[in-house]
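Below: the structure, in structure tokens.
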Amino acid sequence: MTDAKDAAPTADAAGRPAANFIEDIINADLAAGKNGGRVHTRFPPEPNGYLHIGHAKSICLNFGAAAKHGGKCNLRFDDTNPITEEVEYVDSILEDVRWLGFRWNGEALYASDYFGKMYECAEHLIRAGKAYVCDLSAEQTSEYRGNFYKPGKDSPYRNRSVEENLDLFRRMRAGEFPDGSRVLRAKIDMRHGNLNMRDPPLYRIKRASHHRTGDAWCVYPMYDYAHPISDALEGITHSICTLEFEDHRPLYDWCVENLPLPAQPRQIEFARLNLTYTLMSKRRLLQLVSEGLVTGWNDPRMPTLSGLRRRGYTPEAIRAFAERVGVAKNDSTVDVGLLEFAIREDLEKRALRALAVLRPLKVVIDNYPEGRVDWFEAPNHPDDPSLGSRKVPFGKVVYIERDDFLESPPKKWFRLSPGAEIRLRYACLIRCTDVVKNDKGEVVELHCTWDPASRGGDAPDGRRVKGTSHWVSAAHAVRATVRLYDRLFTVENPGAGGADFRASLNPASLETLTEARIEPALAEAKPGERFQFERLGYFCVDTVDAKPGAPVFNRTVPLKDGWSKIAKSGK
RNA sequence: UCGGGGAUCGUCUAAUGGCAGGACGCCAGACUCUGGAUCUGGCUAUUAAGGUUCGAAUCCUUAUCCCCGAACCA
């Protein structure tokens with residue numbers, strides 16, 4: 001179940017809660033008196049990879065639908081293929097769902113818990129003449145299946161007797177036959193227009209150690225067979241999955257109808273989430289990890305929940321994002337900008353503000369006494385006094401952002417330039433009097449004068465100073481590593497049209513700055529703590545690499561940059 | 001050539017025969033000790049062609065385009 005606050009969906013202008021077609025179906029089922037008024041959903045990940053933002057949509061949908069109707073939502077691992085499944089993935093999924101803010105009904109469940117029941121169901125089908133053991137090889141099975149345009153033909157083993165099928169199936173289970181030598185198949189219709197109904201395999205022989213059942217089984221059920229059974233056994237009322245399972249629904253229903261099951265769950269399909277400039281397939285995410293193209297599943301550039309978490313995303317932002325993208329059956333690709341909006345929106349109101357300079361430019365205040373230190377009061381949040389304030393030290397030498405000075409400024413440049421006056425945030429006004437360059441002509445140092453009357457940042461004579469820069473005192477600042485993350489790919493849809501997605505990896509997706517300077521108060525920040533570095537963006541202390549005395553910050557998302565827009569438009 | 005789905009602002013998404021609405025984005029302005037935030041105003045859409053109807057995004061017909069499907073994967 002979810003927290004109370006999770007249940008509050010966004011509302012439209014008329015104040016109606018956001019609805020979607022699944023909600024409509026549930027309401028209609030409720031109105032029709034189905035399932036005794038119960039709503040019970042489930043989130044069924046396969047533990048063969050880490051959860052990503054697309055799963056978050058599904059999690060929010062499933063837990064949200066249940067919560068909305070006072071129902072329950074199970075967390076069930078769909079672990080019917082031991083070859084690809086691992087406990088590492090189970091653990092990460094548990095952690096990610098919990099982190100997202102959802103609490104599942106009872107214990108986490110596993111499809112593998114039902115292997116026994118599934119086996120009994122298989123014998124039931126055999127006895128009913130609705131399943132048979134087939135000796136065709138995988139290749140032959142494929143041939144016999146026909147294709148989109150050609151009907152299939154019956155397997156020569158299709159009409160074995162119940163007794164022979166039972167005997168063979170029991171011996172399959174007992175380990176008498178080699179892997180791949182036989183399968184148990186549903187006896188449906190080899191000429192069905194839907195290939196999934198052409199006598200689909202139900203059980204295959206696979207000698208693989210399972211992460212939970214070990215070597216207890218050498219036959220494992222297929223998804224199409226295991227899923228409806230698992231759902232029914234758990235009393236699931238609405239089994240929500242993605243669109244690619246739409247034409248598996250007839251088989252889902254066939255299982256529900258032909259098996260002695262305690263409930264009749266209903267499968268409903270919705271469009272999976274796609275995001276621009278990223279990848280959402282577990283297979284390809286795994287490839288990024290295994291080929292070392294990223295540092296791991298939790299690389300802050302990954303769309304995984306563990307990556308987003310390390311990047312500094314909050315569960316609240318991800319939930320708000322999931323609510324905003326909606327639920328429908330249209331194939332769609334959401335602009336990653338919407339995700340960025342969600343995290344900015346959340347952090348804007350909660351993140352404490354701080355001063356940090358990413359690329360320092362030395363500024364000497366010529367008329368400021370040597371050795372003097374002023375401590376200026378800076379609010380932790382300019383719009384929320386309840387978040388308190390802190391004192392920041394100011395001295396004769398400060399650093400400002402290199403980007404905040406231009407020797408020959410364009411029109412509408414409010415920042416520093418020779419002769420210009422700006423405000424140092426919360427401190428004072430300074431005017432640039434001299435520019436020092438090195439042999440290569442690069443600006444290496446600025447000389448300024450300060451207006452002692454402008455202490456705190458306001459000019460007593462009322463003169464207007466439009467530009468405000470962030471800064472740190474050279475004598476007090478702490479050196480930090482700051483990682484600037486950008487989108488992982490340079491194209492909206494990496495790998496589109498069969499291209500190698502690795503070819504469109506963004507070489508600038510990570511820029512590591514080692515000369516950054518942060519205000520002293522920030523040096524105490526704990527791993528995972530989030531801040532807004534004023535005028536720059538939202539940053540968090542890295543949970544893996546930050547060490548006491550060696551702070552490392554990750555940029556979650558930059559602030560919207562109005563200046564770059566003006567500069568670009570050339571106006 | 002088959003089966004299953006789907007086409008609404010640039011992007012998501014509402015509408016359930018009755019004013020095409022919201023969000024993001026974008027544009028303009030106000031305000032601002034963050035060129036941030038906030039506030040105001042604005043922009044942009046029913047795939048096409050017929051039909052039914054007082055009235056169609058919605059119903060019917062015919063096209064067109066897109067997605068999924070031929071693992072002993074899920």
Side-chain angles (χ1 to χ4, degrees), chain A residues 10-14 16 18-20 24 44-46 48 78 80-81 83-85 134 136-138 141-142 145-152 179-185 192-198 200-206 220 222-224 226-227 241-250 269 271 273 276 282-283 323-342 344-345 348-349 353 355 382-383 412-415 423-427 429 456-458 465-470 532-537 558-567:
Chain A
T10 57
D12 65 12
R16 290 172 302 189
N20 60 60
D24 293 343
E46 183 187 13
N48 66 345
D78 216 332
T80 58
N81 184 3
I83 305 284
T84 57
E85 296 154 4
C134 181
L136 255 25
S137 68
T141 304
S142 175
R145 186 155 35 227
N147 58 40
F148 295 155
Y149 319 111
K150 200 176 95 197
D179 287 13
S181 61
R182 286 179 226 262
V183 291
L184 181 73
R185 289 228 250 170
H192 199 109
N194 181 340
L195 267 51
N196 295 124
M197 299 295 273
R198 317 240 261 230
L202 267 23
Y203 266 94
R204 74 281 216 190
I205 305 173
K206 208 179 260 228
Y220 290 95
M222 302 288 292
Y223 166 88
D224 283 319
H227 209 84
C241 64
T242 45
L243 247 30
E244 68 269 27
F245 293 105
E246 206 154 19
D247 52 15
H248 291 237
R249 192 181 344 125
E269 312 84 10
L273 174 71
T276 55
K282 273 202 254 181
R283 200 194 102 248
E323 187 66 49
R324 245 177 255 265
V325 299
V327 180
K329 295 187 73 161
N330 308 339
D331 291 303
S332 58
T333 302
V334 174
D335 190 331
V336 72
L338 189 62
L339 216 211
E340 293 175 349
F341 168 81
R344 284 196 190 101
E345 176 187 50
E348 154 63 24
K349 56 180 195 283
R353 311 289 130 123
L355 296 175
D383 305 318
K412 293 194 177 178
W413 177 262
F414 304 153
R415 282 119 94 154
R423 174 173 26 250
L424 293 182
R425 182 83 160 149
Y426 301 129
L429 300 179
D458 286 310
V465 173
K466 198 137 194 196
T468 299
S469 281
H470 53 282
Q532 184 197 95
F533 290 177
E534 295 217 34
R535 302 212 310 130
L536 295 171
L559 251 28
K560 286 213 307 200
D561 183 357
W563 165 247
S564 75
K565 206 177 284 180
I566 294 167

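Throughout, a chain's letter reflects where its sequence line sits, starting with A, and its residues are numbered from 1.
Checking the phosphate oxygens (OP1, OP2) of B:rA7, a side-chain nitrogen or oxygen of A:N330 falls inside 4.0 Å. Residue A:S332 places at least one side-chain N or O closer than 4.0 Å to OP1 or OP2 of B:rU13. Dashed line: the shortest gap from a side-chain N or O of A:K206 to OP1 or OP2 of B:rC73 is under 4.0 Å. For B:rC72, the OP1/OP2 oxygens have a side-chain nitrogen or oxygen of A:R145 closer than 4.0 Å. For B:rG35, neither phosphate oxygen OP1 nor OP2 lies less than 4.0 angstrom from any side-chain nitrogen or oxygen of A:S564. Put simply, A:K560 has a side-chain N or O that comes within less than 4.0 Å of OP1 or OP2 on B:rA37. Phosphate proximity of B:rA74 to A:R204: present, with a side-chain N or O under 4.0 Å from OP1 or OP2.
Pairing partner, B:rA28: B:rU40, with both Watson-Crick or wobble hydrogen-bond distances short of 3.5 Å. Across every strand in view, B:rG21 sits in a pair with B:rU13 that passes the Watson-Crick or G-U test at under 3.5 angstrom. Using Watson-Crick or G-U wobble geometry with both donor-acceptor distances under 3.5 Å, B:rC2 finds its partner in B:rG69. For B:rA48, the paired base is B:rU62 (Watson-Crick or G-U wobble, both distances below 3.5 Å).
Base contact: A:E534 has a heavy atom under 4.0 Å from a base atom. Within 4.0 Å (heavy atoms only), A:H192 reaches no atom of the nucleic acid at all. No contact: A:V465 has no heavy atom under 4.0 Å from any strand. As judged by a 4.0 angstrom heavy-atom cut-off over every strand, A:E46 is placed among residues touching the sugar-phosphate backbone only. Across all strands shown, A:V325 has heavy atoms under 4.0 Å from sugar-phosphate atoms exclusively, and none from any base. If you check every strand for non-hydrogen atoms under 4.0 Å, A:Y220 touches nothing. Within the nucleic acid shown, A:A138 comes within 4.0 Å of at least one base atom, counting heavy atoms only. Residue A:T276 is out of contact with every strand shown, counting any heavy-atom pair closer than 4.0 Å. A:R185 comes within 4.0 angstrom of no nucleic acid atom, judged by non-hydrogen atoms across all strands. Using a 4.0 Å heavy-atom distance criterion, A:K565 is classed as a sugar-phosphate-only contact. Among the heavy atoms of the strands lying under 4.0 Å from A:D24 is at least one base atom, whether or not backbone atoms are also near. At a threshold of 4.0 angstrom between heavy atoms, the contacts of A:L559 include nucleobase atoms, whether or not backbone atoms are also involved. A:L136 comes within 4.0 angstrom of a nucleotide base, judged by non-hydrogen atoms across all strands. Within 4.0 Å of A:F341, counting heavy atoms only, lie sugar-phosphate atoms of the nucleic acid but no base atom.
Nucleotides B:rU52 and B:rU62 place their C1' atoms 15 Å apart, quoted to the nearest Å. Rounded to a whole angstrom, the distance from the C1' atom of B:rU61 to that of B:rC68 is 26 Å. Taking the C1' atoms as reference points, B:rG10 lies 27 Å from B:rA49, given to the whole Å. Spacing between B:rU16 and B:rU53 at atom P, rounded to whole Å, works out to 23 Å. Between B:rU58 and B:rA15, the two P atoms lie 15 Å apart (nearest whole Å). Taking the C1' atom of each, B:rU11 and B:rG25 are spaced 8 Å apart, rounded to whole Å. The gap from the P atom of B:rA74 to that of B:rG17 amounts to 41 Å, rounded to the nearest Å.
A:R353 has a carboxylate O that lies under 4.0 Å from a charged side-chain N of A:E348, or vice versa, which qualifies the two as a salt bridge. Between A:K329 and A:E246 a salt bridge is recorded (basic side-chain N to carboxylate O distance below 4.0 Å).
Separating the CZ atom in A:R423 from the OG1 atom in A:T468 is a distance of 4.0 Å, to the nearest 0.5 Å. To the nearest 0.5 angstrom, A:Y223 atom OH is 13.5 Å from A:N81 atom CG. Between A:S469 atom OG and A:E534 atom CD the span is 11.5 Å, to the nearest 0.5 Å.
With its ring centre under 5.5 Å from that of the base six-membered ring and a plane angle below 30°, A:Y149 counts as stacked on B:rU1. Residue ring and nucleobase are stacked for A:F148 and B:rG69, with a centre distance beneath 5.5 angstrom and an angle between planes beneath 30°.
The base of B:rU34 is paired with the side chain of A:R353 by a donor and an acceptor separated by under 3.5 Å. The base of B:rG35 does not come close enough to the side chain of A:R535 for any donor and acceptor atom to sit less than 3.5 Å apart. At a cut-off of 3.5 angstrom, counting only N and O atoms as typed in the model, there is a donor on one side and an acceptor on the other between the side-chain of A:D383 and the base of B:rG36. A donor N or O paired with an acceptor N or O is found under 3.5 Å between the base of B:rG3 and the side-chain atoms of A:D247.
Atom NZ of A:K329 and atom P of B:rG6 are 5 Å apart (whole Å). The distance from atom CG of A:D224 to atom C1' of B:rG69 is 12 Å, rounded to the nearest whole Å. The distance between atom CG of A:N81 and atom P of B:rC73, rounded to the nearest whole Å, is 6 Å. The distance from atom CG of A:N147 to atom C1' of B:rU1 is 10 Å, rounded to the nearest whole Å. Between A:E269 atom CD and B:rG4 atom C1' the separation is 10 Å, expressed in whole Å. Here the C1' atom of nucleotide B:rG36 and the CZ atom of A:R425 are 9 Å apart, to the nearest Å. A:F533 places its CZ atom 19 Å from the P atom of B:rU34, with the value rounded to the nearest Å. Protein atom CG of A:N196 is 13 Å distant from nucleotide atom P of B:rA74, rounded to whole Å.
Judged by distance alone, the side chain of A:N147 and the main-chain N or O of A:K150 form a donor-acceptor pair under 3.5 Å. A donor-acceptor pair under 3.5 Å is absent between the side-chain atoms of A:R185 and the main chain of A:C134, judged by distance alone.
Applying the salt bridge (charged side-chain N to carboxylate O under 4.0 Å, His left out) criterion to A:R145, with sequence neighbours excluded, gives no partner residue.
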